[in-house]
Amino acid sequence: MGKETERKFLVEGDFRKHAICSHHLVQGYISSVPERTVRIRISDDKAYITIKGRGSGNGLSRFEWEKEIDRNEAEELLELCEPGIIDKVRFLVPDAGKTFEVDEFHGANEGLIMAELELDDENEEFEKPYWLGKEVTGDPRYYNSMLSKHPYSEWK
C-alpha cells in the first residue's frame, strides 16, 4: 500500500514534440464515491485494478493501491463499471528531471488535455514547462472518476 502525491494542470502549449512515448488508455469505475474509488484500466496490452482513498484537504495526496490483472478479466470488469468510460491517450513528457503524464481525452471529454506530476512529497519543488497551464489540483471536476459522470463536453 502506498500514498500518491500528485499535482494536476491544464495544458496550454505544444507538449507533443517533447513526448517520449504514448499509450492508449480505457478506464471505468466500479466505485466512484470520494471515500474509495475502484478503477479498472486497460493500457495498451496491460490491465490494472486500482483502489484510491479520499484525498487530503488540498487534494495533493491520497492512498493508492494498484495491481496488474489479466486483460480479458479487465474487459469483463469494464462491463460492470458505472456509466461513462474514460478514453484517452497518455503521453510521457520528461522535463527538468521529472516526467509529466499528459492525458489527451477523447469521446465525451474531447478537448481536455491535462498533465499530472507525481511528487515524493507535497512540498517538493519542480520546474514548470512552458506548455503547463492553470493548476487544477484538488478541483474535483478534473478527477477522472468525475469526468466519467460529468464529461468535459457538458461543461460549456
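Interatomic distance, CG of Leu78 versus CD1 of Ile40, reported as 6.5 Å (0.5 Å rounding). To the nearest 0.5 angstrom, Glu118 atom CD is 8.5 Å from Thr5 atom OG1. If you take CZ on Arg36 and OG on Ser145, they are separated by 12.5 Å, rounding to the nearest 0.5 Å. Going from atom CD1 of Ile85 over to atom CG of Asn109 covers 12.0 Å, rounded to the nearest 0.5 Å. In this structure, NZ on Lys46 lies 13.0 Å from CG on Leu25, to the nearest 0.5 angstrom. Within the model, atoms CD1 of Ile20 and NE2 of His18 stand 13.0 Å from one another, a figure rounded to the nearest 0.5 Å.
Tyr29 places no side-chain N or O within donor-acceptor distance of the main-chain N or O of Lys149, the cut-off being under 3.5 Å. Using a distance-only test at 3.5 Å, with no hydrogens or angles considered, no donor-acceptor pair links the side chain of Trp155 to the main chain of Arg141. Within the 3.5 Å criterion, the main-chain N or O of Gly28 finds no donor-acceptor partner in the side chain of Ser148. A donor-acceptor pair under 3.5 Å links the side-chain atoms of Glu124 to the main chain of Asp120, judged by distance alone.
A distance of 6.0 Å or more separates the ring centres of Tyr152 and Phe105. For an aromatic pair to be called close, the ring centres must be under 6.0 Å apart, and Trp131 with Phe9 fails this.
Between the side chains of Arg39 and Thr50, a donor-acceptor pair is found at a separation under 3.5 Å. For Ser32 and Glu82, the side-chain atoms include at least one donor-acceptor pair closer than 3.5 Å. With no hydrogens or angles considered, no side-chain donor-acceptor pair links Asp87 and His106 at under 3.5 Å.
Taking both residues in full, the closest heavy atoms of Asn123 and Asp121 are given as N-OD1, 2.7 Å, listed atom of the first, atom of the second, then distance. The heavy-atom pair separating Ser43 from His23 by the smallest distance is OG-CB, 3.8 Å. The shortest heavy-atom contact between Thr99 and Leu117 is O-CD1, 3.5 Å. Residues Val11 and Met114 approach most closely at CG2-C, 3.9 Å, considering heavy atoms.
Using a 4.5 Å heavy-atom cutoff, the side chains of Tyr142 and Leu112 are in contact. Between Leu92 and Ser22 the shortest side-chain heavy-atom distance does not fall below 4.5 Å. Using a 4.5 Å cut-off on side-chain heavy atoms (C-beta onward), Ile113 and Leu10 make no contact. Counting heavy atoms from C-beta on, the side chains of Arg7 and Phe126 come closer than 4.5 Å. With contacts defined as side-chain heavy-atom distances shorter than 4.5 Å, the pair Ile69/Tyr48 does not qualify. Residues His24 and Val26 form a side-chain contact, since some pair of their non-hydrogen atoms from C-beta on lies under 4.5 Å apart. With contacts defined as side-chain heavy-atom distances shorter than 4.5 Å, the pair Ile86/Asp103 does not qualify. Side-chain contact check for Ile42 versus Glu75: some heavy-atom pair is nearer than 4.5 Å.
By the rule that hydrophobic residues join a cluster once side-chain heavy atoms approach within less than 4.5 Å of another member, Phe15 and Leu132 end up as members of one cluster. Residues Tyr143 and Val33 fall into different hydrophobic clusters, defined by Ile, Leu, Val, Met, Phe, Trp and Tyr side chains chained together at heavy-atom separations under 4.5 Å.
For the pair Glu135 and Lys8, the salt-bridge criterion is not met [side-chain N within less than 4.0 Å of a carboxylate O]. For the pair Lys98 and Glu127, the salt-bridge criterion is not met [side-chain N within less than 4.0 Å of a carboxylate O]. Using a cutoff of 4.0 Å between basic side-chain nitrogens and carboxylate oxygens, Lys52 and Glu66 are not scored as salt-bridged.
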